[in-house]
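Side-chain atoms are counted along with the backbone in the values below, which use heavy atoms only and exclude waters and symmetry mates.
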Amino acid sequence: MNVRYRVELSQIERTELRALLSGGKHASRKLKRAQILLAADAETSDEEIARSVGVSGSTVYRTKRRFVEGNLERALSEEPRPGAERKLTGKEEALLVATACASPPRGRARWTLKLLAGAMVKLTEHKSLSHETVRRRLAENALKPWRKDMWCIPQVDGEYVARMEDVLDLYAEAPDSRRPVVCFDESPVQLIGETRQPIPAKPGRLERYDYEYRRNGTVNLFVLLDVHRPWRKVKVTERRAARDYAQCMRDLVDIHYPDAEIIRVVQDNLSTHSAGALYQAFPPAEARRILRRLEFHYTPKHASWLNMVEIEIGVLRGQCLDRRIDDPKRLRREITAWERQRNAARSRIKWMFTTDKARAKMAGAYPATSKES
């Protein structure tokens, strides 16, 4: 075998093979073929190559043969492998996809591999069809009919576009201490207690806690986030009524931004997030005093992703609240510690989506009248 297929690499080929072995992610079979070729170029025997690379003698022989009869690319790549013919024809595969996308049989909530295999036997001339055949064909078409995603489908109209671009333009503004932009939202938190004392972790053993828990009610978080500076504030309240919201707005004006001329507040469309909430909570003169310092900007309906504070709430849940906390006082202490650390670290939300990107990526969703003009 060695006499018949002699490997002689050029300097360029050696360099390419060494670069392949020195870095990057490649299939292990491809890396072994590169090792075989370099060893064969150094006139190492087939037996020694097979032993050092960890392959069979026939693999060494085939790799050398493909290089000599072809080229380097052919020697490194996979040969076509013979296999059984596909069980489903193109038309039958299209029928399977259409069936999986249609409603399941009466009495069943969703399609399963077994149901689809049975349906294909009825619809075609196949006497049987394995679940694995159905699974592979569905996987090739990125279909999982047994799964569903729930999400809010927004109505993208002129109002949606106007609110979206208003918020995005605020985010894109240069920082102005006299006219800060603050994102506001709220989030409920369950107070969860242990029914049994957890067992602490030890070397070689994870911390263990009982699957049973005790629910001690809920509290509400009001979260404020400055768009242009590394600052956030979390307030824990027992409720999220209009009075609690109004108190947050007064704190925003009198405590957090006493020197600002106008505070632009980005928030969602919850009924309590309105100027009327301040008149429910305070005398008219006080409500008007606060509102003169506030300017509300609303995100579109079903578009909470446009509120930057939603990202901050996700960070809070992942870093601080992803555990069982049963006492409101302890919850306040933990959130306060997290808030101080985030502010001290000058952590920011890096917002990348702009009005220009929205018009480019969502051009097809914009109202037709805006295109004509």
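With sequence neighbours left out, Glu194 forms a side chain to side chain contact (heavy atoms under 4.5 Å, CB included) with Pro198, Tyr209, Arg324. Applying the side chain to side chain contact (heavy atoms under 4.5 Å, CB included) test to Ser187 and every residue at least two apart in sequence or in another chain returns Ile313, Arg317. In this view, Phe353 and Trp305 satisfy the ring-ring contact (aromatic ring centres under 6.0 Å, His included) rule, not counting sequence neighbours. For His228, there are no ring-ring contact (aromatic ring centres under 6.0 Å, His included) partners, not counting sequence neighbours. Every residue two or more places apart in sequence or in another chain that forms a ring-ring contact (aromatic ring centres under 6.0 Å, His included) with Trp231 is listed here: His256, Tyr257. For Asp176, the salt bridge (Lys or Arg N to Asp or Glu O under 4.0 Å) test picks out Arg178, with sequence neighbours left out. Scanning for side-chain hydrogen bond (donor to acceptor under 3.5 Å, both in side chains) contacts around Gln11 gives Arg14, with sequence neighbours left out. Annotation: side-chain hydrogen bond (donor to acceptor under 3.5 Å, both in side chains) contacts of Asp166 (sequence neighbours excluded): His297.
Annotation: salt bridge (charged side-chain N to carboxylate O under 4.0 Å, His left out) contacts involving residues 306-316, sequence neighbours excluded, comprise Arg232-Glu312, Glu312-Arg342. Applying the salt bridge (charged side-chain N to carboxylate O under 4.0 Å, His left out) definition to pairs two or more places apart or across chains, those involving residues 271-290 are Arg250-Glu286, Asp254-Arg289, Glu286-Arg289. Counting only residues at least two apart or on different chains, the side-chain hydrogen bond (donor to acceptor under 3.5 Å, both in side chains) pairs with a member in residues 101-129 are Glu92-His126. Sorted by first and then second residue, the salt bridge (charged side-chain N to carboxylate O under 4.0 Å, His left out) pairs with a member in residues 200-209 form an empty list; sequence neighbours excluded.
Put simply, the residue from Asn216, Leu191, Val236 that forms a side-chain contact (heavy atoms from CB on, under 4.5 Å) with Pro328 is Leu191.
Separation of atoms NZ (Lys329) and CD (Glu334) is listed at 15.0 Å; rounding is to 0.5 Å. Atom CG of Leu138 and atom CG of Leu116 lie 6.0 Å apart (nearest 0.5 Å). Distance CZ/Arg66 to OH/Tyr5: 12.5 Å, rounded to 0.5 Å. Arg348 CZ to Ile311 CD1: the interatomic distance, rounded to the nearest 0.5 Å, is 12.5 Å.
Summarising the local packing, CZ of Arg264 is surrounded by more than 12 heavy atoms from other residues, nucleotides or ligands at distances under 6.0 Å. Other residues, nucleotides and ligands contribute more than 12 heavy atoms inside 6.0 Å of the CD atom of Glu69. More than 12 heavy-atom neighbours from other residues, nucleotides or ligands sit within 6.0 angstrom of CD1 on Ile255. Counting non-hydrogen atoms of neighbouring residues, nucleotides and ligands closer than 6.0 angstrom, the CD atom of Glu48 exceeds 12 such neighbours.
Between Ala281 and Ala246, the shortest heavy-atom distance links the atoms CB-CB, 3.5 Å. Closest non-hydrogen pair, Leu88 versus Glu93, comes out as CB-N, 4.3 Å. Here the shortest heavy-atom pairing between Ala260 and Pro180 reads CB-CD, 3.7 Å. Closest approach of Leu278 and Ala287 over heavy atoms only: O-CB, 3.6 Å. The heavy-atom pair separating His273 from Asp268 by the smallest distance is ND1-OD1, 2.8 Å. Smallest separation of non-hydrogen atoms from Thr299 and Ala303: CB-O, 3.9 Å.
A salt bridge links Glu132 to Arg136: at least one charged side-chain nitrogen sits closer than 4.0 Å to a carboxylate oxygen. Contact check on Lys301 versus Glu159 returns no salt bridge, with no Lys/Arg side-chain nitrogen under 4.0 Å from an Asp/Glu carboxylate oxygen. Salt bridge absent: Arg179 and Glu173 never bring a charged side-chain N and a carboxylate O closer than 4.0 Å. Looking at Asp46 and Lys64, a side-chain N of the basic residue comes within less than 4.0 Å of a carboxylate O on the acidic one, giving a salt bridge.
Looking at heavy atoms from C-beta onward, Ile192 lies in side-chain contact with Arg215 at the 4.5 angstrom threshold. In this structure, the side chains of Trp338 and Leu321 stay at 4.5 Å or more apart for every pair of heavy atoms. By the 4.5 Å heavy-atom criterion applied to side chains, Leu37 and Phe67 are counted as neighbours. The closest side-chain heavy-atom distance from Leu252 to Ile290 is not below 4.5 Å. Between Val189 and Thr218, the closest side-chain pair of non-hydrogen atoms is not below 4.5 Å. Met308 places a side-chain heavy atom less than 4.5 Å from the side chain of Val227. The shortest side-chain heavy-atom distance between Met362 and Tyr160 falls under the 4.5 Å cut-off. Counting heavy atoms from C-beta on, the side chains of Leu21 and Gln35 come closer than 4.5 Å.
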Residues Val266, Phe296; criterion side chain to side chain contact (heavy atoms under 4.5 Å, CB included); working and verdict: CA-CA 6 Å; Val266 177; Phe296 295 143; over 6 Å; no

Report the C-alpha separation of Glu140 and Arg86 in whole Å, then their side-chain angles, then the decisive distance to 0.1 Å, and conclude whether the salt bridge (charged side-chain N to carboxylate O under 4.0 Å, His left out) test is met. CA-CA 13 Å; Glu140 288 176 358; Arg86 294 169 75 99; 2.8 Å; yes

Might you work through the side chain to side chain contact (heavy atoms under 4.5 Å, CB included) test for Leu38 and Thr44, ending with a clear yes or no? CA-CA 9 Å; Leu38 286 172; Thr44 307; over 6 Å; no

For a side chain to side chain contact (heavy atoms under 4.5 Å, CB included) check, start with the C-alpha distance between Ile262 and Leu294, then their side-chain angles and the critical distance, and finish with the verdict. CA-CA 6 Å; Ile262 289 291; Leu294 297 174; over 6 Å; no

Taking it one step at a time, do Leu76 and Leu17 satisfy side chain to side chain contact (heavy atoms under 4.5 Å, CB included)? CA-CA 10 Å; Leu76 293 175; Leu17 290 173; 4.0 Å; yes

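Using modelled atom types, one side-chain atom of Arg323 and one backbone atom of Cys320 make a donor-acceptor pair closer than 3.5 Å. Looking at Thr237, its side chain never comes within 3.5 Å of a backbone N or O of Arg240 through a donor-acceptor pair. For Thr133 (side chain) and Leu129 (main-chain N/O), no donor-acceptor pair under 3.5 Å exists by modelled atom type. Within the 3.5 Å criterion, the main-chain N or O of Leu9 finds a donor-acceptor partner in the side chain of Asp41. The main-chain N or O of Asn220 is never found under 3.5 Å from a side-chain atom of Lys235 such that the two would form a donor-acceptor pair.
For Glu186 and Tyr245, the side-chain atoms include no donor-acceptor pair closer than 3.5 Å. Gln280 and Arg243 are not linked by any side-chain donor-acceptor pair at a separation below 3.5 angstrom, with hydrogens and angles left out of the test.
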